[in-house]
Amino acid sequence: MAFSFGSTTGTAANQATTGFSLGSFTPKTTASGFGFGTATTTATSTGFGGLFGNTQNKAFGFGSAFGTTGTNPGLNTTLSTGLGFGGFGTQPQQQQQQQSALGGGLFNQSVQNPNQQTQLINTASALSAPTLLGDERDAILAKWNQLQAFWGTGKGYFSNNIAPVEFSQENPFCRFKAVGFSCIPNNKDEDGLVELVFNKKEAEIRAQQQQLVESLHKILGGHQTLTVNVEGVKTMPDDQTEVIIYVVERSPNGTSRRVPATALNNHFEQANVKSNLQQLGVTLTIARTELSPAQIKQLLQNPPAGVEPVIWDQAKIDNPDPDRLIPVAMVGFKELLRRLKVQDQMTKQHQTRLDIISEDISELQKNQATTMAKIAQYKRKLMELSHRVLQVLIKQEVQRKSGFAIQAEEEQLRVQLDTIQSELNAPTQFKGRLNELMSQIRMQNHFGAVRSEEKYYVDGDLLREIKQHLKQQQEGLSHLIGIIKDDLEDIKLIEQGLSDNVHIRGGMFS
């Protein structure tokens, strides 16, 4: 639909089917400017057919229409005859009152009555061709009525003999409308979940939760076979709190079941019970039940009151997840503000949950680091204990074999050990590598002051092996030095003997 403020001098029948031009209409266009056959017809090619068609839609809301139209004979007979608690029976009158209190029945769309047809004709007259003054001022009055209709408030005067039209935000011309998306309820009626909205803060509700459960049990008649349970408590905007409850009924044979949500909600909607709930601070009761496929289909096929079919069809196309979300009409700034507050509240709850999860992850990371350090410590301790056990086994085996001759297997093992030992002591293999490692260690110690942040850990067993090898090298060097000293003394003796012989021969020849 398109709305414009043009200067139209022709009749309304010349306008397009999907367009609506509000201009300076003359009084003569009153009779020919509107095409109203019946109030239940859809859009035709007449001037205002696209705006006033499909007027069967009355209201839109997620009130008790979510599954509250059915009956529950089992619960009705059980509670009314066995327990004397007839309030859980299905009462169509209470359902009708609940639907009217929560914004009208979602799926009870009735055909327009004559009063509604008259109201629609009067609205069109106030917007296009008022005859209040009988001169050119009526055109100005028509534009003023159009502004009020677009805004969704005020009164539209159009005739001296007929009362003015009340413009509300539900009128088809209100511009402040949008379509959002809400989650489709997935709770079954057998789950028995009923939502109670309290005009109190969450902290106050949680502090008095036990007293609240006892008060609700008294409101339900105080039967010993009934137990009130709280499913969850959640904060809502405007210092309100949502409390979800369910009631468990125990039978004499020991079995138990939940009271259906529709039956429990119908009992809460009774006049005397509702007054008791209001004294507790309850402002709204809603049965949390899922929508049947037929109800979802009917909702999607019939746009809410004041929402044009084109916008509704586009909303169905733009639905990001048709299996989980359903389009919802938002009329006026109050509804938009309410959804914004709910979204902000849910965002805060999600952020709080994320903060809790982040703290848990940080704690788990600390525990993981501590556990890894302990595992490394236990590994080193296990290695030390393994070496100690090996030493004990060696001593035990030596004592067991003492006094026996060396066997062939032991001789072969000794040869293998000698071979390994010779390979380890070879200067071109492991010995050279150890020397290289020792030089690198000295270099690291030399540059340790500069690079103090780098630390190395040498295993104790490896360190002992290195010390043993160095000790053997030192002993070998000491032995070699002793041999060299002995050889030097022998050389000195030889030189001294040679010099003595030379002197003796020189004396003989002289």
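Below, all heavy atoms of this structure are taken into account, side chains as well, without hydrogens, waters or symmetry copies. When a residue number appears, it is its place in the shown sequence, counting from 1.
For Ser125 (side chain) and Ala129 (main-chain N/O), no donor-acceptor pair under 3.5 Å exists by modelled atom type. Between the side chain of Asn265 and the main chain of Ala261, no donor-acceptor pair closer than 3.5 Å is present. Of the possible donor and acceptor atoms, one in the side chain of Ser362 sits under 3.5 Å from a partner among the backbone N and O of Ser358. A donor-acceptor pair is defined here as one N or O able to donate and one able to accept, closer than 3.5 Å; such a pair exists between the side chain of Asp191 and the backbone of Lys188. Remark: side-chain polar atoms of Asn276 are paired, donor with acceptor, to backbone N or O of Asn272 under 3.5 angstrom. Under the 3.5 Å distance criterion, the side-chain polar atoms of Asn187 are left unmatched by any main-chain donor or acceptor of Leu193. Judged by distance alone, with hydrogens and angles left aside, the side-chain atoms of Ser292 form a donor-acceptor pair with the main-chain N or O of Gln295 at under 3.5 Å.
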Set out, in order, the CA-CA distance, both residues' side-chain angles and the distance that settles side-chain hydrogen bond (donor to acceptor under 3.5 Å, both in side chains) for Asn199 and Thr283, then state yes or no.
CA-CA 7 Å; Asn199 196 17; Thr283 59; over 6 Å; no
Please assess Ser159 against Asn161 for the test side-chain hydrogen bond (donor to acceptor under 3.5 Å, both in side chains), listing each intermediate value before the final yes or no.
CA-CA 6 Å; Ser159 177; Asn161 301 325; 4.8 Å; no
Derivation of the salt bridge (Lys or Arg N to Asp or Glu O under 4.0 Å) call for Arg288 and Glu190:
CA-CA 10 Å; Arg288 287 203 168 189; Glu190 293 78 9; over 6 Å; no
Residue pair Arg206, Glu202: steps toward the salt bridge (Lys or Arg N to Asp or Glu O under 4.0 Å) verdict:
CA-CA 6 Å; Arg206 291 189 179 276; Glu202 181 183 1; 2.9 Å; yes
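For the residue pair Gly156 and Asn145, the shortest heavy atom distance occurs at CA-OD1, 3.3 Å. Pro303 and Pro309 get closest at one heavy-atom pair: CG-CA, 3.9 Å. Of all non-hydrogen atoms in His217 and His223, the two that sit nearest each other are NE2-O, 2.8 Å.
Paired with Asp238 under the rule salt bridge (Lys or Arg N to Asp or Glu O under 4.0 Å), one option of Lys341, Arg338, Lys201 passes, and it is Lys341. The residue from Leu141, Asp138, Val165, Leu127 that alone fulfils the side chain to side chain contact (heavy atoms under 4.5 Å, CB included) condition with Phe158 is Val165.
Residues Cys174 and Phe167 form no side-chain contact, since every pair of their non-hydrogen atoms from C-beta on lies 4.5 Å or further apart. Using a 4.5 Å cut-off on side-chain heavy atoms (C-beta onward), Val194 and Ile244 make no contact. Side chains of Lys374 and Tyr378 form a contact here, defined as non-hydrogen atoms less than 4.5 Å apart. Contact of the Arg388 side chain with the Leu385 side chain is registered, since non-hydrogen atoms from C-beta on lie closer than 4.5 Å. Looking at Ser182 and Arg339, their side chains come closer than 4.5 Å, going by heavy atoms from C-beta outward.
Counting heavy-atom neighbours within 6.0 Å of Met346 CE, excluding the residue itself, gives a total above 12. The neighbour count for Gln211 CD, taken as heavy atoms of other residues, nucleotides or ligands under 6.0 Å away, is above 12. The environment of CD in Gln349 is crowded: more than 12 heavy-atom neighbours from other residues, nucleotides or ligands sit within 6.0 Å.
Residues Thr227 and Arg250 bring a donor and an acceptor atom of their side chains to less than 3.5 Å of each other. In the model, Glu269 has a side-chain atom that pairs as donor or acceptor with a side-chain atom of Thr285 under 3.5 Å.
Here CG of Leu212 is found 7.5 Å from NZ of Lys200. Values are rounded to the nearest 0.5 Å. Atoms CG and CD, from Leu382 and Gln377 in turn, are 12.5 Å apart once rounded to the nearest 0.5 Å. In this structure, Phe198 CZ and Ile205 CD1 are separated by 5.0 Å, a value rounded to the nearest 0.5 Å.
Using cut-offs of 30° and 60° for the angle between ring planes, the Trp151 and Phe333 rings count as tilted.
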